[in-house]
Amino acid sequence: MEEGKVQVAGLIQEQHPDRCRLFMQWHQMDWPVLVDSLNLLGFSSVPMTFLIDEHGIIRNRRARPGDLAEFLSTSYPAPQEPAPPPVAPDLDGKIETIESSKAETRSAADWTAYGDWLFLRGAEADLMRCVEAYRRAADGGGPPEARFRLGVALRRRSESSHRQPGDFQASIDAWLAALDGDPDQYIWRRRIQQYGPRPDKPYPFYTWVKKAREEITRRGDEPSPLCVEPSGAELAGPGKTLGPDGAEKSGPDPEGRIRRDSSPLINLEITVAPSTDNEHVAARAYLSLRPNEEKKGHWNNEAGDTVIWLDPPEGVRLDDRSFTIPKAAEETSTETRRVEFEAHYDGVAMDDEPLMISGYVLYYVCEDVDGECLYLRRDFLVKLRPSRSAGRRSAGASPR
Amino acid sequence: MIRTALTSVVFFLSIILSGSSKAEDMDLRVGQYFPAIFLPSLGGGKMRSVSSFRGKKLILHVFASW
């Protein structure tokens with residue numbers, strides 16, 4: 001490869017670009033990378049390697065090692081048609097026109113373009129309007145792409161200071177709706193499988209992160225930080241087996257004698273990510289427990305851990321029926337406590353009624369820093385809805 | 001830089017040869033200009049288009065870290 005004659009660049013299809021930054025650092029690759037989290041270019045698979053000549057013309061879109069030498073040694077003629085000028089990020093003034101128009105006059109395409117522009121600006125403060133724009137596009141008969149991008153924006157908002165209750169579940173639902181419209185879109189499918197159950201995973205998504213950090217540190221460098229650490233689902237590999245169903249176990253409060261958190265001092269949010277096809281009848285559930293800021297709820301770490309107990313219906317197998325979230329080190333704290341688990345329900349009677357996994361959480365919490373400290377119970381339902389529709393399973397969840 | 005670029009090219013092409021290629025993309029055909037839309041750069045800073053690489057041959061890897 002003759003120096004100066006060729007350049008290398010990347011284009012990533014990823015919800016969290018910061019993870020790619022760590023990946024590049026690990027492999028010591030320093031070429032420029034563009035970020036297409038919204039899948040604007042419509043790629044339905046990765047990886048692909050394009051060979052593009054000096055005029056900007058695609059000469060190969062699935063390059064093999066043997067193609068490189070020919071590409072580098074070929075002198076490509078200037079194309080007869082001039083290159084179209086690049087479109088400015090504000091679509092050459094179109095965004096200004098959209099913003100100044102009345103909301104009810106905007107088309108689904110207008111709303112999608114507006115959502116794209118707001119997302120690409122990268123400001124967290126724009127995420128509220130961005131989500132609203134994509135919702136309008138999706139509700140206004142927009143293409144599946146609008147639903148996919150809605151999911152991307154919702155997921156990003158769920159990880160930001162502008163998080164709204166239910167954002168994570170809404171992102172999963174938006175991606176599932178998008179996939180319904182284009183089942184062959186593997187980039188969209190992977191976005192769901194990243195958070196979904198093990199039987200539906202093609203491979204583990206982010207198990208390389210630990211090794212990358214170790215090797216970078218050994219080199220004497222500081223690993224590039226991640227905005228959001230990969231969750232259990234993103235580290236889990238493909239698999240179909242689960243632990244014993246624990247039918248013989250009894251829960252910590254079988255008679256329901258612990259006082260209920262009716263205030264609530266702790267907000268409970270549940271998200272369910274199902275399999276993306278009919279072959280794997282499974283789902284991954286996420287429970288998030290957040291102290292209620294309005295009620296000044298605090299975890300009481302002088303007492304004990306947080307315990308979750310699950311009571312699945314017949315035929316539904318879980319990772320386990322009991323989960324423990326250890327208390328924090330300090331006396332009181334307000335961190336979000338999370339647990340994930342999988343439910344496999346292959347062979348359960350298929351009808352339109354949802355399957356319900358009932359459960360409850362037991363926790364030690366205080367009302368305000370100097371307030372009364374209590375041991376409370378919060379009941380919930382995890383809703384699994386098997387479907388016969390090809391390529392799609394839907395699910396929902398609700399805390400009681 | 002050349003050694004880094006060559007190493008990375010071999011790395012990515014080996015991934016392709018390992019059989020992970022999947023469904024066809026529909027819009028980007030040989031003989032067409034690569035679309036010139038602006039996207040954020042991984043390192044931050046101004047948005048950039050693939051068209052900004054014109055003037056030299058380009059090896060463009062479309063990938064994800066998973």
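The chains referred to below are lettered A, B, ... by the order of the sequence lines, with proteins before strands, and numbering in each begins at 1.
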Q) What are the two closest non-hydrogen atoms of B:F63 and A:P47, and how far apart are they? A) CB-CB, 4.5 Å
(Q) Whether the side chain of A:Q7 engages the backbone of B:I59 through a donor-acceptor N/O pair (distance < 3.5 Å, no angle test) should be reported. (A) no
**Q.** Note, A:I12 side chain near B:L42 side chain (heavy atom, < 4.5 Å)
**A.** yes
Q. Does any non-hydrogen side-chain atom of A:I57 lie less than 4.5 Å from one of B:Q32?
A. no
**Q.** B:L60 vs A:T49, side chain to side chain contact (heavy atoms under 4.5 Å, CB included): CA-CA, chis, key distance, verdict
**A.** CA-CA 6 Å; B:L60 180 70; A:T49 296; over 6 Å; no
Q.
Heavy-atom count check: over 12 atoms from other residues, nucleotides or ligands less than 6.0 Å from A:E70 CD?
A. no
Q: Determine whether A:L120 and B:M47 make a side-chain contact, defined as any pair of heavy atoms from C-beta on separated by less than 4.5 Å.
A: yes
**Q.** Donor-acceptor contact present, side-chain B:K57 to main-chain A:F71, <3.5 Å
**A.** yes
**Q.** Over all atoms of both residues, closest heavy-atom pair of B:R29 and A:R61
**A.** N-NH1, 4.2 Å
(Q) Just checking A:E124: does its CD atom have more than 12 heavy atoms from other residues, nucleotides or ligands closer to it than 6.0 angstrom? (A) yes
Q | Distance, nearest 0.5 Å, that separates OG of B:S65 from NE2 of A:H16 | A | 10.5 Å
Q) Contact part of A:P82 toward chain B, heavy-atom cut-off under 4.5 Å: side chain, backbone, both or neither? A) backbone
Q) When the ring planes of B:F34 and A:F50 are compared, do they come out parallel, tilted or perpendicular, using 30° and 60° as the limits? A) perpendicular
Q) For A:Y206, is it the side chain, the backbone, both, or neither that has a heavy atom closer than 4.5 Å to a heavy atom of chain B? A) side chain
Q: Indicate the atoms forming the closest heavy-atom contact of A:V8 with B:L58, along with that distance.
A: C-CD1, 4.1 Å
Q. Is there side-chain contact between B:W66 and A:E14, with heavy atoms separated by less than 4.5 Å?
A. yes
Q. With B:S41, which residues qualify under side-chain contact (heavy atoms from CB on, under 4.5 Å), at least two apart?
A. A:L34, B:R48
Q: Among residues two or more places apart or on two chains, list those pairs meeting salt bridge (charged side-chain N to carboxylate O under 4.0 Å, His left out) that have a residue in residues 44-58 of chain A.
A: A:D53-A:R59
Q.
Checking the side chain of B:Y33 only, and the main-chain atoms of A:A83 only, is there a donor and an acceptor separated by less than 3.5 Å?
A. yes
Q: State, with a plain yes or no, whether a side-chain heavy atom of B:L39 is found less than 4.5 Å away from one of A:V35.
A: no
